[in-house]
**Student:** 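This is the structure I have questions about; it appears just below.
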Amino acid sequence: MTTTDLNNISTTYSPNDVEAKWYKTWEDGKYFKPKPGKTGESYCIIMPPPNVTGILHAGHALDVTTQDTLIRWKRMKGYETLWLPGMDHAGIATQSVVEKKVQKEEGKTRNDYTREEFLEKIWKWKEEYGGIIAKQQRVMGASPDWDYSMFTMDPEANEAVRKVFVQLYNEGLIYQSDYIINWDPVLQSAISDAEVEHQEVQGAFYHLTYKVKDSDVLLEIATTRPETLLGDTAVAVNPNDERFAHLIGKKAIVPICNREIPIIGDEHVDIEVGTGCLKVTPGHDFNDFEIGRRHNLEIINIINKDGTLNDLGLEFKGMACKTARNHIVEKLKDLGQFVKQEDHVHSVGHGDRSKAIIEPMVSKQWFLDVQDMAGVAVDGVEKGETTFYPKQWENTYFSWLKEPRNWCISRQLWWGHQIPVFYCGDCDHNWASEIDETKCAKCSSENIKQDPDVLDTWFSSGLWPMTTLGWPNKERMEERGYDKFFPTTCLVTGFDIIFFWVARMMMMTHKISGKKPFKDIYIHALVRDKQGRKMSKSLNNGIDPLDMVEQYGADAFRFTLAAGSGYNRGLNLDPERIGGYRNFINKIWNAFRFISPFLANAKAELPKDLDQQEKWIISELNSVTKEMNSSMEEYRYDDSCSAIYSFVYDKFCSWFIELSKNILHGDDKAAMERRASVLKYCYKDIVALLHPFTPFITEELWGYLKEEDDKLLIVHDYPEFNEELDYAKDQDFMNKFIEVITSIRNLRSSLNIKPKEEVNVSLFSDQEDLVEFFKASKHGFADLAKVKDLKVLPKSAQRPEKAVMKAMTHTEAFLILDGAIDLTEQIQKLEKDLGKTNKEIEKLDKKLSNEKFISNAKPEVIDKVKSEHAELSEKVKSINESLKNFKS
RNA sequence: GGGCGUGUAGCUCAGUGGGAGAGCGCUGCCCUUACAAGGCAGAUGUCGCAGGUUCAAUCCCUGCCACGCCCACCA
């Protein structure tokens, strides 16, 4: 397509073909690969790998946008950039979606298959969804080096995981222990503390009585879970509680099962809460477990893996806890050991995947001792080796790491890295190994088996920055540039996984490599619907990125997401806003359609002999360039977007293009060529500045703007601030010019003068250079406010008799009237303006007459107030005189 | 209970110790040859409430109210 064709085509930009075309060009041309740039420095972002649980949602779109914008920006600035893509196996989450699918389609559970068979089904799922995700990322314009793609279950990742596991195991940091864990009866696996959601639930306090052995005393005990009494191994009271202290050391008798249990004293028991007596069930309550440890109590497990009562449940065996609860209450009533029941709201843990009520249960699990690692991770941030943007998120990070609990890393799942610990069936030897063992390391027996559990997903995620760069294999590290890119530059992620992921990467990566994995951590907002609600399937308020791209184009969608990203924690996404920015993209397209016929007359360089309008726009462009670079440095995408948005709309299109029409169509060939050159210069910078945000349309337009030997925009230099292009005086003139034009338009509008109708205007000002500027801008007044006859006079000159006026601090504008009109409305307007201005002057007067203000305020503030006062007084003077004339 | 955060125009949100802002929406006029996905002009606020610090508070401090999120024990 040639530039002339452009003017024959639609006035609306259609993104779809353009986007596909450029993505292919970039990808085929290997533009996403890291290449040494002019800074000689590297810049690396490891993409937080999306879960392969399903297709991408709006949150991922934000992830892609914020990272791709950074990468493209740094790439253009001349860094050797690597954005490393990947996907996460997301153990529990993925296994459960596949289990659900199998249940739905085949009516089977995973136990109807062998481990190998079922894993094959998950792998199939992974292939399908992994492909969709990568396609979605491409549609968004993501520019990672796809050749680096990794999956958290790749053999390379497994190698890293096993090496680290073995090291930590041999150091004694990984240990096996009977511990109370969160048991998810639906997933039938332990889950970590972080995977438990606490929800307020309407329950009840059940008051029961326990008999004290060899005594008539009845202990009244309040509990929310009477069914666990079958697992009670003590009754605890506070040793300082006068009511019960004398009973410590005696025995109580558990109702129904009639087991004798000790009455113990423990400070944990709150005298005020409940009845002051606590039944202790170390097998099924976190606090009770701790009490049990302190007092060496027996642990009794009464619950099966599926959440029903086991053999110890007596006649309630096989019942779900909730059912058993009701039956046991009935039984207690029969026994006369039930006192009362009170409504009680309390929080109950639910699995964040399965939504099942979590049963605290004691079982043998693998743990990682994180006490030392957590301290180091805290140090890294406190000493500034790693910085959070926005800084407030450090608190969230610290709050977890400063009181870490050892991490339960084993999961009773199939989908994940199997724990590399081997057990010998003959000699009881067990050991951790980096390779798949075939015989016992001690007795050479081949009767060995590997631990069936898998590792928590976050174990492999914690190593991700190293794994992806080839660690621990020397050759891979060389090939993938480990030394160049590690530690990485920036991690971009959401605040919801600061605990899960960020903290773990900081701990594990440092433990293994001795280095913190990133310099910066940018925490972006979570995407919500326009009402600020989380997007969820149940609310059906999700926004599908592909829909948005199809409807508005990837550029508009990206710009919307970027414009909404700064230091905020929520981004309320309303498709209407995307529509608004789609209009902006279209504006860019049409501004180019205006410029394109003149490109042939434009020179490649910025001309030296700029006129005042040109100096103004170059100055403004220079400012926006500075603003965009500095705000991006601090991850203020919102500031960058609003800076370029208002420059393009409010400066370049509304004023500079409008002021250029006359020159471009005029007789002065030199001026025309100069203006065409400036337009081209500006537009090249505009598309370059915008490219990281809206890569497609900018690359498309660049094709028409670039010089023959220019490279593609994706690797072109990003504009930088240039001190020499600062023309403050021209900016000041133009701002005043704009103010005057707006005033004239305002007067026209208030008189209902038709847009095409010409008017005569007289301007009065005592600023000589401004007067000269206005005189020289005659064409501007004609083009932008349809001024036929313009007079620019000093304020000493006579004011026109029949006219309406508007006063500015620097200039009075009079619109001359032909016939008589009713001035009442105009007088009202002037009086309103006068009132407002006088109020402002009063405020300033008050300040200036305040001695304390004069003595305490900074001199520049005082100067400013004084000059404002003078300007406003001038304006008041102008208005007053006109009012006098109008009224006479 | 602990922590973090929020409360600014109808909506979504920036913002700063010294003149209250943007986008969208709204009102009026215009199909002016880049753009009606447009142009021009315009209206809109006790900056949550109450105190305090300061010459000066939307901004800093304290308390209160409302809301959101996170962590953590509640038997």
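We use all heavy atoms of the structure for the numbers below, so side chains are in, but hydrogens, waters and symmetry mates are not. Every chain is numbered from 1, with letters handed out A, B, ... down the list of sequences.
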**Student:** C1' atom, B/U27 versus B/A43: distance in rounded Å?
**Tutor:**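 Looking at atom C1' only, B/U27 and B/A43 are 7 Å apart.
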**Student:** Do any pairs count as a side-chain hydrogen bond (donor to acceptor under 3.5 Å, both in side chains) and have a residue in residues 549-562 of chain A, sequence neighbours left out, and if so which ones?
**Tutor:**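 Found A/Asp68-A/Arg558.
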**Student:** Categorize A/Ser646 for me: base, sugar-phosphate, or nothing, with a 4.0 angstrom heavy-atom threshold over every strand shown.
**Tutor:**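 Nothing, no heavy atom under 4.0 Å.
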**Student:** Report the residues that fulfil side-chain contact (heavy atoms from CB on, under 4.5 Å) with A/Val18, sequence neighbours left out, ordered by chain and then residue number.
**Tutor:**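 For A/Val18, the residues satisfying side-chain contact (heavy atoms from CB on, under 4.5 Å) (neighbours in sequence not counted) are A/Tyr13, A/Trp22, A/Glu700.
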**Student:** Scan for salt bridge (Lys or Arg N to Asp or Glu O under 4.0 Å) pairs involving residues 863-874 of chain A, sequence neighbours excluded, and state none if there are none.
**Tutor:**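 The answer is A/Lys795-A/Glu874.
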**Student:** For A/Val269, which contact category applies under a 4.0 Å heavy-atom criterion: base, sugar-phosphate, or nothing?
**Tutor:**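 Result for A/Val269 = base.
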**Student:** Are any of A/Lys754's side-chain N or O atoms less than 4.0 Å away from OP1 or OP2 of B/C30?
**Tutor:**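 Affirmative; the distance criterion is met.
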**Student:** For a quick check of understanding: with a heavy-atom distance under 4.0 Å over all strands, which category does A/Tyr649 fall into, base, sugar-phosphate or nothing?
**Tutor:**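 If one applies the 4.0 Å heavy-atom cut-off, A/Tyr649 turns out to touch the sugar-phosphate alone, with no base involved.
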**Student:** Using the ring-ring contact (aromatic ring centres under 6.0 Å, His included) criterion, which residues pair with A/Tyr567? Sequence neighbours excluded.
**Tutor:**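 Scan of A/Tyr567 (ring-ring contact (aromatic ring centres under 6.0 Å, His included), adjacent residues dropped) gives none.
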**Student:** Whole angstrom is fine here: how far is it from CD1 in A/Ile741 over to P in B/U32?
**Tutor:**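 Atom-to-atom, A/Ile741 to B/U32, this comes out as 20 Å.
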**Student:** Could you tell me how far B/G3 sits from B/A75 if I compare only their C1' atoms? Round to whole Å.
**Tutor:**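 One C1' to the other, the span is 24 Å.
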**Student:** Quick check on A/Glu860: does its CD atom have over 12 non-hydrogen neighbours (other residues, nucleotides or ligands) under 6.0 Å away?
**Tutor:**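 Correct, the count exceeds 12.
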**Student:** Kindly say if A/Asn568 contacts the phosphate of B/C13, meaning a side-chain N or O under 4.0 Å from OP1 or OP2.
**Tutor:**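 No, no such contact exists.
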**Student:** Determine whether the aromatic ring centres of residues A/Phe781 and A/Phe737 are separated by less than 6.0 angstrom.
**Tutor:**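 So the answer is yes for these two rings.
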**Student:** I want to verify a distance call: between B/C13, B/U32, B/G42, whose nearest atom is closest to the A/Asn572 side chain?
**Tutor:**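 Of the options given, the side chain of A/Asn572 lies nearest B/C13.
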**Student:** Measuring from the side chain of A/Asn287 (C-beta onward, heavy atoms only), which nucleotide among B/G38, B/C40, B/C74 has the closest atom?
**Tutor:**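 The answer is B/C74.
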**Student:** When the nearest nucleotide of RNA chain B is assigned to A/Lys836 and to A/Arg745 on a heavy-atom basis, which residue is associated with the more 5' position?
**Tutor:**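 With A/Lys836 and A/Arg745 compared, the 5'-side residue is A/Arg745.
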**Student:** Does the side chain of A/Leu332 come within less than 4.5 Å of A/Leu229's, by heavy atoms?
**Tutor:**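 A/Leu229 vs A/Leu332: side chains touch.
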**Student:** Let me spell it out: for each of A/Arg636 and A/Lys843, pick the nucleotide of RNA chain B with the closest heavy atom. Which residue's pick is nearer the 5' end?
**Tutor:**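 The residue mapped nearer the 5' terminus is A/Arg636.
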**Student:** Which nucleotide sits closest to the side chain of A/Tyr645: B/G5, B/C29, B/C24?
**Tutor:**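 Of B/G5, B/C29, B/C24, B/C24 is nearest to the side chain of A/Tyr645.
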**Student:** Considering only heavy atoms, which members of residues 652-666 of chain A lie under 4.0 Å from some atom of RNA chain B?
**Tutor:**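 When residues 652-666 of chain A is checked for heavy atoms under 4.0 Å from RNA chain B, the hits, listed by number, are A/Cys653, A/Ser654, A/Ile657, A/Glu658, A/Lys661.
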**Student:** Please measure how far the C1' atom in B/U44 lies from the corresponding atom in B/C26, and state the result in whole Å.
**Tutor:**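 B/U44 and B/C26 have their C1' atoms separated by 9 Å.
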**Student:** Can you tell which of B/A75, B/G42, B/A34 lies closest to the side chain of A/Phe205?
**Tutor:**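 Nucleotide nearest to A/Phe205's side chain: B/A75.
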**Student:** If I pick the C1' atom on B/U53 and the same atom on B/C61, what distance separates them, to the nearest angstrom?
**Tutor:**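 That atom pair is separated by 7 Å.
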**Student:** Give the dot-bracket line for RNA chain B from 5' end to 3' end: parentheses for intra-strand Watson-Crick or G-U pairs under 3.5 Å, square brackets for crossings, | for inter-strand pairing, dots for unpaired.
**Tutor:** (((((((..((((....[..)))).(((((.......))))).....(((((..]....))))))))))))....
**Student:** Whole angstrom is fine here: how far is it from OH in A/Tyr206 over to C1' in B/A75?
**Tutor:**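 Going from OH in A/Tyr206 over to C1' in B/A75 covers 14 Å.
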**Student:** So, taking the atom named CG in A/Leu208 and the one named CD in A/Gln341, what distance separates them when rounded to the nearest 0.5 Å?
**Tutor:**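 One finds 10.5 Å between CG of A/Leu208 and CD of A/Gln341.
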**Student:** Distance between the P atoms of B/U8 and B/C67, in whole angstroms?
**Tutor:**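 Looking at atom P only, B/U8 and B/C67 are 15 Å apart.
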**Student:** Quick one: side-chain contact (heavy atoms from CB on, under 4.5 Å) partners of A/Val687, sequence neighbours excluded?
**Tutor:**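 A/Tyr683, A/Thr698, A/Leu701, A/Trp702, A/Leu705, A/Leu713.
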**Student:** Please, which pairs that meet salt bridge (Lys or Arg N to Asp or Glu O under 4.0 Å) have at least one residue in residues 738-751 of chain A, sequence neighbours excluded?
**Tutor:**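 Residue pairs with at least one partner in residues 738-751 of chain A: there are none.
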**Student:** Please determine, for the side chain of A/Asn850, which listed nucleotide (B/A34, B/U32, B/C55) has the closest atom?
**Tutor:**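 Of B/A34, B/U32, B/C55, B/C55 is nearest to the side chain of A/Asn850.
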**Student:** Less than 4.5 Å apart, side chain to side chain, heavy atoms only: is that true for A/Asp639 and A/Glu634?
**Tutor:**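 A side-chain contact is absent here, since even the closest heavy-atom pair is not under 4.5 Å.
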**Student:** Whole angstrom is fine here: how far is it from CD1 in A/Ile498 over to P in B/G3?
**Tutor:**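 Value for this atom pair: 18 Å.
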**Student:** Would one find more than 12 heavy atoms of other residues, nucleotides or ligands at under 6.0 Å from atom NE2 of A/His779?
**Tutor:**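 No, because the 6.0 Å sphere around NE2 of A/His779 holds 12 heavy atoms or fewer from other groups.
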**Student:** Starting at atom CG of A/Asp638, determine the distance to atom P of B/G21, rounded to an integer number of angstrom.
**Tutor:**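 Atom-to-atom, A/Asp638 to B/G21, this comes out as 19 Å.
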**Student:** Rounded to the nearest Å, what distance is computed from the CG atom of residue A/Leu526 to the P atom of nucleotide B/C4?
**Tutor:**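 Rounded to the whole Å, the gap is 19 Å.
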**Student:** Under a 4.0 Å heavy-atom cut-off, which of residues 577-586 of chain A touch RNA chain B?
**Tutor:**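 Only A/Arg577, A/Arg582, A/Asn583, A/Asn586 qualify.
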**Student:** Rounded to the nearest angstrom, tell me the gap between atom OH in A/Tyr13 and atom C1' in B/C35.
**Tutor:**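 One finds 15 Å between C1' of B/C35 and OH of A/Tyr13, rounded.
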**Student:** Mind running a 4.0 Å heavy-atom check of residues 851-863 of chain A against RNA chain B and sending the residues that fall below it, in number order?
**Tutor:**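 Per residue number, the list reads A/Lys852, A/Phe853, A/Asn856, A/Ala857, A/Lys858, A/Val861.
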**Student:** To the nearest angstrom, how far is A/His284 atom NE2 from B/A75 atom C1'?
**Tutor:**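 Value for this atom pair: 16 Å.
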**Student:** In terms of side-chain heavy atoms of A/Leu278, which of B/C35, B/A75, B/C70 is nearest?
**Tutor:**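 Nearest to the side-chain atoms of A/Leu278, counting from C-beta on, is B/A75.
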**Student:** How far does the P atom of B/G63 sit from the matching atom of B/A9, given to the nearest Å?
**Tutor:**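 These two P atoms come out 26 Å apart once rounded.
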**Student:** Could you list the residues that satisfy side-chain contact (heavy atoms from CB on, under 4.5 Å) with A/Glu840, not counting sequence neighbours?
**Tutor:**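 Listed in chain order: A/Leu872.
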**Student:** Without decimals, in angstroms, what is the distance between A/Lys864 NZ and B/G19 C1'?
**Tutor:**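 To the nearest whole Å, that distance equals 6 Å.
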**Student:** How far, in whole Å, is B/C11 from B/G45 if one measures between their C1' atoms?
**Tutor:**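 Between the two C1' atoms, the distance is 14 Å.
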**Student:** What's the closest nucleotide to the A/Gln392 side chain, out of B/A14, B/C69, B/G5?
**Tutor:**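 Ranking B/A14, B/C69, B/G5 by closest atom to the A/Gln392 side chain puts B/G5 first.
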**Student:** Regarding A/Lys587, tell me which of base, sugar-phosphate or nothing describes its non-hydrogen contacts under 4.0 Å with the strands shown.
**Tutor:**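 Here A/Lys587 touches the bases of the nucleic acid.
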**Student:** Is A/Lys786 paired with A/Glu758 through a side-chain N to carboxylate O contact shorter than 4.0 Å?
**Tutor:**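 The answer is no: the pair does not qualify as a salt bridge.
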**Student:** I'd like to know if A/Asp783 and A/Lys661 make a salt bridge, using a cut-off of under 4.0 Å between side-chain N and carboxylate O.
**Tutor:**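 Salt bridge absent between A/Asp783 and A/Lys661.
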**Student:** Please list all pairs passing the side-chain hydrogen bond (donor to acceptor under 3.5 Å, both in side chains) test where one or both residues lie in residues 273-288 of chain A, with sequence neighbours left out.
**Tutor:**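 Qualifying pairs: A/Thr228-A/Lys279, A/Asp232-A/Lys279, A/Asp232-A/Thr281, A/Lys279-A/Thr281, A/His284-A/Asn301.
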**Student:** Side chains of A/Phe205 and A/Thr224: does their closest heavy-atom pair fall under 4.5 Å?
**Tutor:**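 In contact.
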**Student:** Categorize A/Thr224 for me: base, sugar-phosphate, or nothing, with a 4.0 angstrom heavy-atom threshold over every strand shown.
**Tutor:**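 A/Thr224: backbone/sugar contact only, no base atoms under 4.0 Å.
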**Student:** Between B/A14 and A/Ser642, is there an OP1 or OP2 to side-chain N/O distance shorter than 4.0 Å?
**Tutor:**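 No, outside the criterion.
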